[in-house]
**Student:** 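Submitted below is the structure of interest, expressed as structure tokens.
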Amino acid sequence: MENKCERAYITTPIYYVNDVPHIGHAYTTIICDTLARYSRLIGLETFFLTGTDEHGQKIEEAAKKRGKSAKQYADEISAYFRNLWDEFEISYDKFIRTTDEDHMIGVQKAFEVMYKKGDIYKDMYEGHYCVSCETFFTQNQLIDNEYCPDCGKSTSIVKEESYFFRLSKYEKRLLEWYEDKENCVLPKGKKNEVVSFVKQGLRDLSVTRTSFDWGIKLPKSINDPKHVMYVWLDALLNYITALGYGTDEKLMKFWPATVHVVGKDILRFHAIYWPAFLMSLDLPLPKHIAAHGWWTRNGEKMSKSKGNVVDPKEVADAYGLENFRYFMLREVPFGQDGDFSQKALIDRINSDLGNDLGNLVNRVLGMSGKYFELELNSDELKKYHAKELNECEEIIDSLQQYIFDMQLNKYLEGLWKILTVANQAITIHEPWVKMKEGKKEEAMALVALIGNLLTKVAVLLHPVMPHTTQKIASVFGFEIDYEAYKKYIENKELLPKITLKKIDPLFPKIEKMLMSSPEPTAVKKEKVQEKKTDKKDSGIITIDQFFQTKLKIATVIEAEEIEGSDKLLKLKVDLSEEKPRQIIAGIKEFYKPSELVGTQICVVSNLKPAKIFGHKSEGMLLAAKDKGTLTLIRPEKSVKNGSAVG
Ligand code: MSP
């Protein structure tokens, strides 16, 4: 995000309507909602777009499976998304559907412009298609000549007449863009992946299909009715058709987008195809494309077949929507993957929210009630606590950059530093002692410090927790809006003389809430599992149970990085079997491939093979974790490959 503009245009990806939303979708939407609320708070004219992506083979097939027409099915699931976002109070300005008439007209107009410019031509497409990812692949991109390198599902061979977009023509300009605009793709690590992908050379992109129907037809002027548009061309254009491109262009004043927030799996489409389409349309490029990581369950991708999908509504119902928002944004640094766990969520609520924030509100109310009949003034605050106040103002001055860099977790950490200053000030200055000593003015200054710091935190936390922070603001008698932002943050004003208003505790201890709330499916399962292990004498196993795990020594004979993964390495290991085995291991942050080749490791050899990041994994290696580092478990001396451990 950038501040050198009076307008902000923030977008989520548009969600496929083949299935209902899960926490991954909620995550993207909550990030964008927070950014949109922040831009409004700081006074920018803001347009926030979300919606649903409804065409393509995947949706057509999903509808067919359920015996519905594609449109009927899309209507249902799109409404489901929209209702959920409404329930979550997502502050979108427009909810676009790619089946909207205006969108379809805009897409046809764009196609026509590109075609007339000579950027679209007709040819034959021959290659492989992954319906799940709606992506074309060449033979050598596939895994085992068949499987999609992104999702691991089986691909199908497509041979059909197609229109192509001259993506190759834009290779050089794209590389110049990445070079010129340092932050056009965030985070930086992901940008480097995009740049190296483009440097390998871009092939023209098939942008129409003839083998199915559920898509936008080509413009009448081209007169080729058997073709429908490739779903990604249709979908990406939503970012401008939502502003009226090709119809009523009044809202195009919001273009270019401030930020397109996307998951890392769809970064390539946004950081390569989309800017190339825009170049072809002679439109300015988005300012930022920001890719977040994935939410997993016990380290695994969520999928219906594994039964590990977390339903965002269940989580929000059980733990509170705003607590859930805080957790998602605080728990995981933007761009990295995060594992959803009930324990981590409860810890965040009880500790960060309950202890650090909620208790501070209680303490300010308690002290001002006990000593000052709820009256508070900031008259002597600077006399006694200028140091703490300045320290916090400095923290605040550094916070906005975190939003512009999409480091929302750092932004929240910054706000919590202010809470720490406030909590420590109470411990250090002991206002109850001051009162006993008759130093009422000093005690008032301390309580005023806390009140003022809470005011600032409430304003700045508002985009993440709108209702909770409004409740805090009501203690101090103000509404959180642009005026409050100007007053307490920009102009650094102090609270006037006020009478505080009591409120109910903000964050009741979570054990109580769980007992009275339905638990999310995934959480229920976790509990059941916990109980089962309890019965097994708190995790004690028999020797027979231990030997069910076959541990063996193997030598690493090949090791390489996996494109697009920050964590994984692909290893070939020799276990003295007929063929070497392939193991996908999450050790990239700790070992270089070259350090591994020729060394021996310890492997769980009887693990059921699994697909990880689209690659077959036939075992697991053993490693010890210690304070953020990881060390492989190896035999002390070289032993024969395949030797049993135990
Ligand atoms: N329809 C396309 C986007 C077109 S935008 C012009 C699409 N839709 S999607 O429904 O499959 O995914 C939407 C977003 O949800 C993506 O950004 C994706 O990364 C995100 N997530 C889906 N599963 C996720 C997790 N488990 N965790 C975090 N986000 C993930 O792709």
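Counting starts at 1 for both ligands and their atoms, in listed order. Below, each value reflects all heavy atoms present in this structure, side chains not excepted, and no hydrogens, waters or symmetry copies. Quick caveat: nothing in here was measured; it's all calculated off a predicted structure.
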**Student:** So which heavy atom in the protein is nearest atom 30 (C) of ligand 1, and how far is it from that ligand atom?
**Tutor:** G24 CA, 3.8 Å
**Student:** Starting from atom 8 (N) of ligand 1, which protein heavy atom do you reach first, and at what distance in Å?
**Tutor:** Y16 CD1, 3.3 Å
**Student:** With heavy atoms of A235 as the reference, note each atom of ligand 1 found under 4.0 Å away.
**Tutor:** 6 (C)
**Student:** Which atoms of ligand 1 have any heavy atom of G293 under 4.0 Å away?
**Tutor:** 28 (C)
**Student:** Quick one: which of K343, R325, R348 gives a salt bridge (Lys or Arg N to Asp or Glu O under 4.0 Å) with E331?
**Tutor:** R348
**Student:** Nearest protein heavy-atom contact for atom 23 (N) of ligand 1: which residue, which atom, what distance?
**Tutor:** H22 CE1, 3.0 Å
**Student:** Parallel, tilted or perpendicular, judged at 30° and 60°: which one describes the rings of Y239 and H270?
**Tutor:** tilted
**Student:** Among all protein non-hydrogen atoms, which one is nearest to atom 15 (O) of ligand 1, and what is the separation to 0.1 Å?
**Tutor:** H25 CD2, 3.4 Å
**Student:** Only one of Y163, Y125, Y115, F111 forms a ring pair (Phe, Tyr, Trp, His ring centres under 6.0 Å) with H227, so which one is it?
**Tutor:** Y163
**Student:** Under 3.5 Å, N or O to N or O, is G263 touching ligand 1 that way?
**Tutor:** yes
**Student:** Which label fits W232 and F269: parallel for a plane angle under 30°, tilted from 30 to 60°, or perpendicular past 60°?
**Tutor:** parallel
**Student:** Suppose we screen for salt bridge (charged side-chain N to carboxylate O under 4.0 Å, His left out). Which residues come up paired with D150, at least two apart in sequence or across chains?
**Tutor:** R268
**Student:** Just heavy atoms, cut-off under 4.0 Å: does V262 contact ligand 1 by side chain, backbone, both, or neither?
**Tutor:** backbone
**Student:** Given H103 and T98, is the side chain to side chain donor-acceptor pair (under 3.5 Å) satisfied, shown in steps?
**Tutor:** CA-CA 6 Å; H103 169 76; T98 53; 5.0 Å; no
**Student:** So which protein heavy atom does atom 19 (O) of ligand 1 come closest to, and at what separation?
**Tutor:** D265 OD1, 2.4 Å
**Student:** Tell me the ring-ring contact (aromatic ring centres under 6.0 Å, His included) pairs involving residues 46-69, sequence neighbours left out?
**Tutor:** Y9-F47, F47-F254, H55-W214
**Student:** Would you call K313-D311 a salt bridge at under 4.0 Å N-O?
**Tutor:** no
**Student:** Heavy-atom contacts under 4.0 Å between F269 and ligand 1: side chain, backbone, both, or neither?
**Tutor:** neither
**Student:** With respect to I14, determine whether any N or O atom, backbone or side chain, lies less than 3.5 Å from an N or O atom of ligand 1.
**Tutor:** yes
**Student:** Compare Y239, W232, F340 and give the one whose heavy atom is closest to atom 4 (C) of ligand 1.
**Tutor:** W232
**Student:** Short list, please: which atoms of ligand 1 are under 4.0 Å from a heavy atom of D53?
**Tutor:** 1 (N), 2 (C), 4 (C)
**Student:** Under a 4.0 Å N-O cut-off, is there an ion pair linking K169 with D204?
**Tutor:** no
**Student:** Heavy-atom contacts with H292 under 4.0 Å: which atoms of ligand 1 show up? List them by number with element.
**Tutor:** 28 (C), 29 (N)
**Student:** For atom 13 (C) of ligand 1, grab the closest protein heavy atom and report residue, atom and distance to one decimal in Å.
**Tutor:** Y15 CD2, 3.4 Å
**Student:** Among all protein non-hydrogen atoms, which one is nearest to atom 27 (N) of ligand 1, and what is the separation to 0.1 Å?
**Tutor:** W295 N, 2.9 Å
**Student:** What is the nearest protein non-hydrogen atom to atom 16 (C) of ligand 1, stated with its residue, atom name and distance?
**Tutor:** I266 CD1, 3.7 Å
**Student:** Please work out which of the three classes, parallel, tilted or perpendicular, describes the rings of F277 and Y273, given edges at 30° and 60°.
**Tutor:** tilted
